[in-house]
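Step one of this worksheet: look at the structure below.
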Amino acid sequence: MSDTQKVRVRVAPSPTGDPHVGTAYVTLFNYILAKQAGGELVLRIEDTDQSRARASSEQQIYESLSWLGLEWDEGPDKGGDYGPYRQSERKSIHLEHSEQLLKTGHAYRCFCTPERLAKLREQQRAEGKMLGYDGHCRSLSVEEVEQKMKEGVPSVVRLKVPKDRVTQFDDAIRGSIEIKNTQLDDQVLIKSDGFPTYHLANVVDDHLMKISHVIRAEEWISSTPKHVLLYKAFGWETPVFAHVPLLRNLDKSKISKRKNPVSLNYYKRKGILPEAMVNFLALMGWSYGDDQEVFSPEQMMEKFKLKDIHLGGPVFDVVKLKHINQQYMQKLDSKGFSHYLRDKVFTQDYLESLFPLFKDRLECFEQFVDRSSFFFNGGLDYEGLPLIPKSKDAKEMRTMIKGLIEELDDLYEWKADAIQNLLNTYREKIEWKPRDFFMPIRLMATGRKDSPPLAESLEVIGREMVRFRLRDVLNGAHLKP
RNA sequence: GUCCCUAUCGUCUAGCCUGGCCCAGGACACCGCCCUUUCACGGCGGCGACGGGGGUUCAAAUCCCCCUGGGGACGCCA
């Protein structure tokens, strides 16, 4: 990067599933760097995986980042001079660049079938070799390629890694990193469906969008050399790279929904203030100094340096999060307090969504607060509730719950009828009696025997909270063997 | 398995670059005491870490090497 070039950073989430706390984490550092340098933050939606992209997910990314106050300057929803900002709309650009690489000999067409590749991988694993493409199609002649193309054999475009070299790059936090090219795979650049992979799209878009600093998570370190190779193949200058540590579960593994709530929706629903969330995230790997741990993004901007990020993978500890949140809650005045509850908790929309569930069930309004508490609470108290039906034991329950969590995670759309279908199908699959199956789920999800219809309730409670409660039961004392 | 990243209290971290001020500081959690009609808040105190081994040096948490631990990547996912 030349000194005269402006700081332009980007955050590039893929719209699959719930908005992730890791996205917020990486966005924070990008945001701070952009703001303190008077630069720009670009939000680019990386939706090149056709099978996984969801429109609702994209919307939620906007909402979550806005909620946290991490506003971007350019994006699909805001426009800008370097659009389009939705990667799927840039397909032709990526294709052009792929053609260019093909022409200059930096890439080649590969006709290997997924089956052959799977077998290859299996074999390499068995032999304890490095996993990677074996270069089968690397030296196909022009005629052979033309012939196969004419026959309509599906193909991908791969990067032709010069194996006899070493690729080096500087990470702004970690220093110089180098890797032998023999360790680099001939990465697929264009998939057989015609869409680019992350690697190609990312490099091309970052360059075209004039991104100066690529700040992303640690998991990308090992593919950075491939990206460097791409920049070189195009004859482009590389941006500054910086890889921030990965957020971790309690057991130090990469943070995952199986072990920890990762959805920003969950924390919002839990009643974490956005300022507290951002503050807490900043504490993951960075510190303000002077033993001060409560600070605003503005204060952070005064002192933040990429180089000061601590590289040990920080455990995302909800206990500490709650403490930080308490600090922020203590600063609220009575207006702030009541506004929060009215604007964020007892909102018009939420109360209206609850109405059909309570319409015929209440005699007086006074009954509402008590009977609907599980629509507002987080963890529930299961003391004294018959979580395990008489005909089942704790072990069977655990197995049932684990299976259910997986099924619910895979559900495409979190809607009552879809949930109902899923429950019915799953119950039939495991051959449990309806009574044994539905009541425990109701108890786990609502904490009470009497509640509005189950599927409708689950829809309102939300996927993340339902998962959390089921896991809570799993981790609690109730089902201990 | 191969490669890469990483390493201070249980957890988040300060200190490390520019060795001595560090028998390592703060915060969370936990324990005790105080305040208090309860609970919380707050105050005070306690518990608690430089992963191991070699060097370099008068002196190492800080510099170097090895080992070990932890993590990540190895997809026509991102």
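This is a predicted model, so every value here is computed, not measured. Per chain, numbering begins at 1; letters A, B, ... match sequence-line order.
For A/Pro314 against A/Tyr25, the heavy-atom pair with the smallest separation is CG-OH, 4.2 Å. The two residues A/Ser57 and A/Thr16 make their nearest non-hydrogen contact at OG-N, 3.4 Å. Between A/Arg109 and A/Ser155, the shortest heavy-atom distance links the atoms NH1-OG, 3.0 Å.
Comparing the P positions of B/G51 and B/C30 gives a spacing of 27 Å, expressed to the nearest Å. Separation of the P atoms belonging to B/G54 and B/C47 is 30 Å when rounded to the nearest angstrom. Distance check on atom C1': B/G46 versus B/G53 gives 34 Å, rounded to whole Å. Nucleotides B/G70 and B/U11 have their C1' atoms positioned 15 Å apart, rounded to a whole Å. Nucleotides B/U37 and B/C21 place their P atoms 48 Å apart, quoted to the nearest Å. Look at the P atom in both B/G19 and B/G1: the space between them is 39 Å, to the nearest Å. B/C34 and B/G26 are spaced 24 Å apart, taking the P atom of each and rounding to whole Å.
For residues 315-323 of chain A, proximity to RNA chain B is found at A/Val315, A/Asp317, A/Val319, A/Lys320, A/His323, defined as any non-hydrogen atom under 4.0 angstrom from a strand atom. Of the residues in residues 19-35 of chain A, not one places a heavy atom less than 4.0 Å from an atom of RNA chain B.
With A/Phe280 as the partner, the ring-ring contact (aromatic ring centres under 6.0 Å, His included) test is satisfied by one option alone out of A/Trp286, A/Tyr267, A/Phe295, A/Phe316: A/Phe316.
The residue among A/Pro196 and A/Ile179 whose nearest nucleotide of RNA chain B lies closer to the 5′ end is A/Ile179. Annotation: of the two residues near RNA chain B, A/Gln327 and A/Ser176, the 5′-most nearest-nucleotide partner is A/Ser176.
Counting any heavy atom pair closer than 4.0 Å across all strands shown, A/Gln292 reaches no nucleic acid atom. Contacts of A/Cys110 with the nucleic acid, taken as non-hydrogen atoms under 4.0 Å apart, are absent. Residue contacts shown for A/Gln326 are limited to sugar-phosphate atoms, with no base heavy atom under 4.0 Å away. Contact annotation for A/Gly289: no contact, since no heavy-atom pair falls under 4.0 Å across all strands. Within 4.0 Å of A/Pro314, counting heavy atoms only, lie sugar-phosphate atoms of the nucleic acid but no base atom. Note on A/Val188: only backbone sugar-phosphate atoms sit closer than 4.0 angstrom, heavy atoms only; bases stay farther off. Among the heavy atoms of the strands lying under 4.0 Å from A/Trp220 is at least one base atom, whether or not backbone atoms are also near. Contacts of A/Thr197 with the nucleic acid, taken as non-hydrogen atoms under 4.0 Å apart, involve only primed sugar atoms and P, OP1 or OP2.
Close to B/A78, at under 4.0 Å from its OP1 or OP2, lies no side-chain N or O of A/Arg52. A sub-4.0 Å separation between OP1 or OP2 of B/C4 and a side-chain N or O of A/Lys180 is absent. Neither OP1 nor OP2 of B/U2 sits under 4.0 Å from any side-chain N or O of A/Arg121. A close approach under 4.0 Å does occur between a side-chain nitrogen or oxygen of A/Thr48 and OP1 or OP2 of B/A78.
For A/Asp170, the side chain to side chain donor-acceptor pair (under 3.5 Å) partners are A/Gln168, not counting sequence neighbours. For A/Glu40, the salt bridge (charged side-chain N to carboxylate O under 4.0 Å, His left out) partners two or more places apart in sequence, or in a different chain, are A/Lys6, A/Arg8.
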(request) In sequence, state the C-alpha distance, the side-chain angles, and the governing distance for A/Thr197 and A/Thr48, and then conclude on side chain to side chain contact (heavy atoms under 4.5 Å, CB included). (result) CA-CA 7 Å; A/Thr197 58; A/Thr48 55; over 6 Å; no
(request) Report the C-alpha distance between A/Glu71 and A/Lys78 in whole Å, list the side-chain angles of each, state the deciding distance to 0.1 Å, and finish with yes or no for salt bridge (charged side-chain N to carboxylate O under 4.0 Å, His left out). (result) CA-CA 11 Å; A/Glu71 286 298 335; A/Lys78 298 198 173 169; 2.6 Å; yes
(request) Just do the side chain to side chain contact (heavy atoms under 4.5 Å, CB included) check on A/Asn181 and A/Asp164 with the steps written out, would you? (result) CA-CA 7 Å; A/Asn181 287 9; A/Asp164 55 342; 6.0 Å; no
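Within the shown strands, B/U2 is the pairing partner of B/A73 under the Watson-Crick or G-U definition, both distances less than 3.5 Å. The base-pairing partner of B/C16, taking Watson-Crick or G-U wobble contacts with both distances under 3.5 Å, does not exist among the strands shown. Pair check for B/A27 finds B/U11; Watson-Crick or G-U wobble, both atom distances under 3.5 Å. B/U38 is unpaired under the criterion used here, namely a Watson-Crick or G-U wobble arrangement in which both key atom distances are under 3.5 Å. Pairing for B/C50 is absent, judged as Watson-Crick or G-U wobble with the two contacts each under 3.5 Å.
Candidate nucleotides B/A78, B/A7, B/G25 were compared by shortest atom distance to the side chain of A/Asp49, and B/A78 ranks first. Relative to the side chain of A/Arg248, the nucleotides B/G26, B/G71, B/A73 differ in distance, and B/G71 lies closest. Among B/C76, B/C12, B/G72, the nucleotide with an atom closest to any side-chain atom of A/Glu219 is B/G72. When distances run from any side-chain atom of A/Ile177 to the nucleotides B/A78, B/C5, B/A27, the shortest one goes to B/C5. Among the nucleotides B/C12, B/U2, B/C41, the one closest to the side chain of A/Lys252 is B/C12. Considering only side-chain atoms of A/His310, the nucleotide from B/G26, B/C76, B/A7 that sits closest is B/A7. If you check B/C5, B/G72, B/C12 against the side chain of A/Ile221, the one that comes closest is B/C5. Counting only heavy atoms from C-beta on, A/Arg174 has its side chain closest to B/U6 among B/C76, B/G71, B/U6. Counting only heavy atoms from C-beta on, A/Arg158 has its side chain closest to B/C76 among B/C76, B/C12, B/G72.
Between A/Tyr328 atom OH and B/A27 atom P there is a gap of 17 Å when expressed in whole angstrom units. A/Asn279 has its CG atom 16 Å from the P atom of B/A27, to the nearest Å. Rounding to whole angstrom units, NZ of residue A/Lys331 and P of B/G42 are separated by 13 Å. Distance A/Ile324 CD1 to B/A29 P: 10 Å, rounded to the nearest Å.
The base of B/C4 lies outside donor-acceptor range of the side chain of A/Ser222, with no N or O pair under 3.5 Å.
Annotation: ring pair (Phe, Tyr, Trp, His ring centres under 6.0 Å) contacts involving residues 135-193 of chain A, sequence neighbours excluded, comprise A/Phe169-A/Phe241.
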Acceptor/donor pairs from residues 368-375 of chain A side chains to any protein atom, 3.5 angstrom cut, sequence neighbours excluded:
| residue | atom | partner | partner atom | Å |
| --- | --- | --- | --- | --- |
| A/Arg371 | NH1 | A/Arg361 | O | 3.2 |
| A/Ser372 | OG | A/Phe368 | O | 2.8 |
| A/Ser373 | OG | A/Asp370 | O | 3.3 |

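Ring-plane geometry between A/His207 and A/Trp236 is classed as parallel, the angle between the planes falling under 30 degrees on a 0 to 90 degree scale with a further cut at 60.
Remark: the backbone N or O of A/His243 is paired with a side-chain donor or acceptor of A/Arg174 at under 3.5 angstrom.
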